Amino acid sequence: TKFYANKTGFNYCVYSGEDLLKAKGHTHQNINHSEKASNEGYIRAHNYEVNFVGGNLNKVIKKAEQSDYYNYFLGNDKSKWAGKVKAYADLMFKDVYEGVDLNLYSEGKNLKYDLIIQPQADAGKIKLNYKYVNKIELLNGEIIIKTSVGDIIEKSPVAFQNINGFKVNVRCSYKLINETTIGFVFPDGY
């Protein structure tokens, strides 16, 4: 999986696990030769976006700069090319919504994000829209994202408050707003 942040949210590029295994030489015995020949050397991928509806990701604090960089020379319009784009292991977006910050970071090989909600902020404003997916579903408290290369599962959200120096768990779950948009609910308040 590759991940990119932008001014409205973030993009995921997920790869076909089956194709990655084939590329590493772990092919199944029962694949017919014409299918193997037509797909040889190709790894299918699916790119989708998660946008914060009505949110603003312009105020960013970049942390843990990586030594690697990336070059994007796509298309014929040189004004849209970018070179030596740095990668960061931690990004903090301030005031995505009023009183709501977003922290994106990597934990091992996994991407994590925290929504930090200040006292009195309206958590009901937080809406994540999934664009360029086949479908999203809410199943057993988890979000199932249907893509052309398989399902992606986002585990149930975990929420807590710091009260007098103690970490206190808060019940939180996803809420399906429409076919492509989710929000969060706090059944016991917070």
Side-chain angles (χ1 to χ4, degrees), residues 1-15 45-66 68 70 85-147 149-163 167-187 189-190:
T1 302
K2 295 233 182 244
F3 173 81
Y4 310 90
N6 60 46
K7 291 181 180 182
T8 60
F10 32 86
N11 294 45
Y12 291 96
C13 183
V14 292
Y15 298 93
H46 189 114
N47 190 71
Y48 66 93
E49 296 177 7
V50 179
N51 293 305
F52 287 81
V53 178
N56 179 349
L57 277 72
N58 288 323
K59 298 179 195 170
V60 62
I61 300 168
K62 302 170 186 175
K63 299 184 228 172
E65 183 177 303
Q66 306 295 295
D68 297 342
Y70 300 88
V85 176
K86 288 297 209 173
Y88 297 86
D90 193 316
L91 299 172
M92 175 67 82
F93 296 90
K94 304 297 281 178
D95 288 320
V96 173
Y97 299 99
E98 187 177 342
V100 179
D101 297 337
L102 167 68
N103 189 200
L104 295 173
Y105 57 97
S106 57
E107 193 171 271
K109 292 185 177 182
N110 297 317
L111 169 75
K112 298 275 195 172
Y113 67 90
D114 296 335
L115 292 163
I116 302 152
I117 304 169
Q118 300 302 318
Q120 309 308 313
D122 183 2
K125 289 183 179 180
I126 304 169
K127 293 180 179 69
L128 286 82
N129 177 262
Y130 289 73
K131 193 172 179 182
Y132 309 119
V133 298
N134 297 350
K135 184 180 181 181
I136 62 171
E137 295 176 351
L138 185 57
L139 182 65
N140 298 324
E142 298 176 334
I143 297 292
I144 313 298
I145 304 157
K146 306 279 186 178
T147 75
V149 295
D151 294 351
I152 310 298
I153 299 171
E154 288 197 15
K155 298 290 186 186
S156 300
V158 174
F160 62 89
Q161 283 183 266
N162 287 317
I163 301 175
K167 188 174 175 177
V168 178
N169 288 330
V170 175
R171 279 189 0 160
C172 177
S173 58
Y174 293 119
K175 171 178 141 183
L176 198 57
I177 295 169
N178 61 40
E179 293 178 353
T180 58
T181 307
I182 64 162
F184 299 89
V185 289
F186 298 87
Y190 70 93

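Predicted model, so just to flag it, every value in this text is computed and none were measured.
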Nearest-0.5 Å distance that lies between atom CD1 in I144 and atom CD in E154
9.5 Å
Which heavy atom in V133 sits nearest to a heavy atom in H46, and how many Å separate them?
CA-NE2, 4.1 Å
What's the spacing between L102 CG and D114 CG if we round to 0.5 Å?
8.5 Å
Could you list all the salt bridge (Lys or Arg N to Asp or Glu O under 4.0 Å) pairs where at least one residue sits in residues 124-138, not counting sequence neighbours?
K135-E137
V100 and A121 have their tightest heavy-atom pair at CG2-CB, 4.4 Å
More than 12 heavy atoms of other residues, nucleotides or ligands under 6.0 Å from CG of N162: yes or no?
yes
Heavy-atom check, side chain of D122 versus side chain of Y97, under 4.5 Å
no
So, does S156 use its side chain to make a donor-acceptor pair with the main chain of G141 at under 3.5 Å?
yes
Between the CG atom in L176 and the CD1 atom in I143, the distance rounded to the nearest 0.5 Å is 6.5 Å
Hey, what do you get for NZ (K146) to CG (N134), rounding to the nearest 0.5 Å?
9.0 Å
Is there side-chain contact between V96 and L115, with heavy atoms separated by less than 4.5 Å?
no
When you measure from the side chain of N178 to the backbone of T180, do you find a donor-acceptor pair of N or O atoms at a distance under 3.5 Å?
yes
Are N140 and E142 linked by a side-chain donor-acceptor pair shorter than 3.5 Å?
no
Kindly say whether N58 contributes a backbone atom to a donor-acceptor pair with the side chain of N56 at under 3.5 angstrom?
yes
Checking side chain to side chain contact (heavy atoms under 4.5 Å, CB included) against N47, which of T147, N11, V14 comes through?
N11
Taking side chain as C-beta onward, heavy atoms only, is D95 less than 4.5 Å from D101?
yes
Look at the rings of Y113 and F52 and say which category their plane angle falls in: under 30° parallel, 30 to 60° tilted, over 60° perpendicular.
perpendicular
4.5 Å side-chain heavy-atom contact, I182 and L138
no
Minimum heavy-atom distance between V170 and G189, given as atom pair plus value
CG1-O, 3.6 Å
With Y12, which of Y132, Y130, Y48 fulfils ring pair (Phe, Tyr, Trp, His ring centres under 6.0 Å)?
Y48
Find the distance between CD1 (I136) and CD1 (I152) and round it off to the nearest 0.5 Å.
13.0 Å
Between F186 and F184, is the gap from one ring center to the other below 6.0 Å?
no
